[in-house]
Amino acid sequence: MDQNELFGNGSITPLNDSLMSRESWKIFQIMAEFVEGFERLSQIKPSVSVFGSARTPPDHPYYQLAEDLSRALSDAGFSVVSGGGPGIMEAANKGAHGGKSPSIGLNIQLPHEQSGNPYQDISLNFRHFFSRKVMFVKYASAYVVLPGGFGTLDELAEILTLVQTGKTRRIPIILVHTPYWDGLVKWFREVLVAEGAINEEDMDLFKLLDEPDEVVDAIFAHYEDRGFEPSRREREMLLDL
């Protein structure tokens, strides 16, 4: 089929009024997601965003690792933010829910797989990935990434890109469970660095750690000399996120 056949004699069929109206009104739905997210999450600092697979069952060692880690973060004074779903997201909320600080779920409506877990003190619901992703970043004092699939890799690449390009402030980015991430990190170094796609110093944007206490200590060490509040320059940066 050529282009003339595809578009009907070379003309692009215009959107009908009904569809255009729906597209326009969608903007207000997106705005509402941002407004509610900003209002709710700005009150829960400092917080740590935790990521990992939605498919990890409760009897898997990764689930227990995520629960123990989130409990340690919560008891240390960090609100824990997850995607609100099952698997490692559930483990993160469950650990935080049993601790001293709030457990937050940023739930997303999906055709399959995602269902909100019952361990959320604060639940926010999103239709759009991009508005939800802003909420993960904007108020986070650290990113903690456990074993996961494409969605987890997407979140990891997102924060690495934002920090690398100076679109958000430098925060600890911690990959948990070295055996799971070793191959990816090796590829970063042997391909991305070797081919000049990233700089050698970009490898310092993240850490590989294994134990919950190590993660908590690394986050405190990052903020030891400056505190958790963003500087004036960082606040300006986050305004343009």
Chemist: Return the minimal non-hydrogen interatomic distance between Ser74 and Lys100, and the atom names on each side.
Modeler: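 Scanning both residues, the minimum pair turns out to be OG-N, 3.1 Å.
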Chemist: Just grab all the ring pair (Phe, Tyr, Trp, His ring centres under 6.0 Å) pairs involving residues 137-173, residues at least two apart or on different chains.
Modeler: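 Counting only pairs at least two positions apart or across chains, the ring pair (Phe, Tyr, Trp, His ring centres under 6.0 Å) contacts touching residues 137-173 are Phe51-Tyr143.
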Chemist: With no hydrogens and no angle check, is any side-chain donor or acceptor of Ser47 less than 3.5 Å from a backbone partner on Val80?
Modeler: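 Here the side-chain-to-backbone pair does not exist.
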Chemist: Identify the two heavy atoms, one from Ile174 and one from Ala218, that lie closest to each other, and give their separation to 0.1 Å.
Modeler: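 Looking at all heavy atoms of both residues, the shortest contact is CD1-CB, 4.1 Å.
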Chemist: Under the side chain to side chain contact (heavy atoms under 4.5 Å, CB included) rule, collect the residues that match up with Pro118, sequence neighbours excluded.
Modeler: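 Not a single residue meets the side chain to side chain contact (heavy atoms under 4.5 Å, CB included) criterion with Pro118.
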Chemist: So, for Ile171 and Ala140, which heavy atoms are closest and what is the spacing to 0.1 Å?
Modeler: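 Looking at all heavy atoms of both residues, the closest pair is CG2-O, 3.8 Å.
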Chemist: Let me have the donor-acceptor pairs involving side chains of residues 158-167, under 3.5 Å, with sequence neighbours excluded, atom names and distances please.
Modeler:
residue : atom : partner : partner atom : Å
Glu158  : OE1  : Lys133  : NZ           : 3.3
Thr161  : OG1  : Ala157  : O            : 2.7
Gln164  : NE2  : Asp202  : OD2          : 3.0
Thr165  : OG1  : Thr161  : O            : 2.7
Thr165  : OG1  : Leu162  : O            : 3.4
Lys167  : NZ   : Asp240  : O            : 3.3

Chemist: What residues form a side chain to side chain donor-acceptor pair (under 3.5 Å) with Ser131, not counting sequence neighbours?
Modeler: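 With sequence neighbours excluded, Ser131 shows a side chain to side chain donor-acceptor pair (under 3.5 Å) to Glu33, given in chain and number order.
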Chemist: Kindly write out the residues that satisfy side chain to side chain donor-acceptor pair (under 3.5 Å) with Gln64, not counting sequence neighbours, or none if the list is empty.
Modeler: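 In terms of side chain to side chain donor-acceptor pair (under 3.5 Å), with neighbours along the sequence ignored, Gln64 is linked to Asp68.
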Chemist: Answer yes or no: is there a side-chain heavy-atom contact under 4.5 Å between Val193 and Met203?
Modeler: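 Yes, side chains in contact.
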Chemist: For Arg71, what residues pass the side chain to side chain donor-acceptor pair (under 3.5 Å) criterion, not counting sequence neighbours?
Modeler: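 Here the qualifying residues are Asp75.
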Chemist: Would a line drawn from the ring center of Phe129 to the ring center of Phe136 be shorter than 6.0 Å?
Modeler: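 Ring centres of Phe136 and Phe129 not closer than 6.0 Å.
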Chemist: Between Tyr62 and Tyr180, how do the two ring planes meet: parallel, tilted or perpendicular, split at 30° and 60°?
Modeler: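 Tyr62 vs Tyr180 ring planes: perpendicular.
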Chemist: Do Thr152 and Ile88 touch side chain to side chain, with heavy atoms closer than 4.5 Å?
Modeler: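 In short, these two side chains do not touch, never coming nearer than 4.5 Å.
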Chemist: Evaluate the ring planes of Phe34 and Phe130, with Trp represented by its six-membered ring, and classify them as parallel (under 30°), tilted (30 to 60°) or perpendicular (over 60°).
Modeler: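 Rings of Phe34 and Phe130: tilted, as their planes differ by 30° to 60°.
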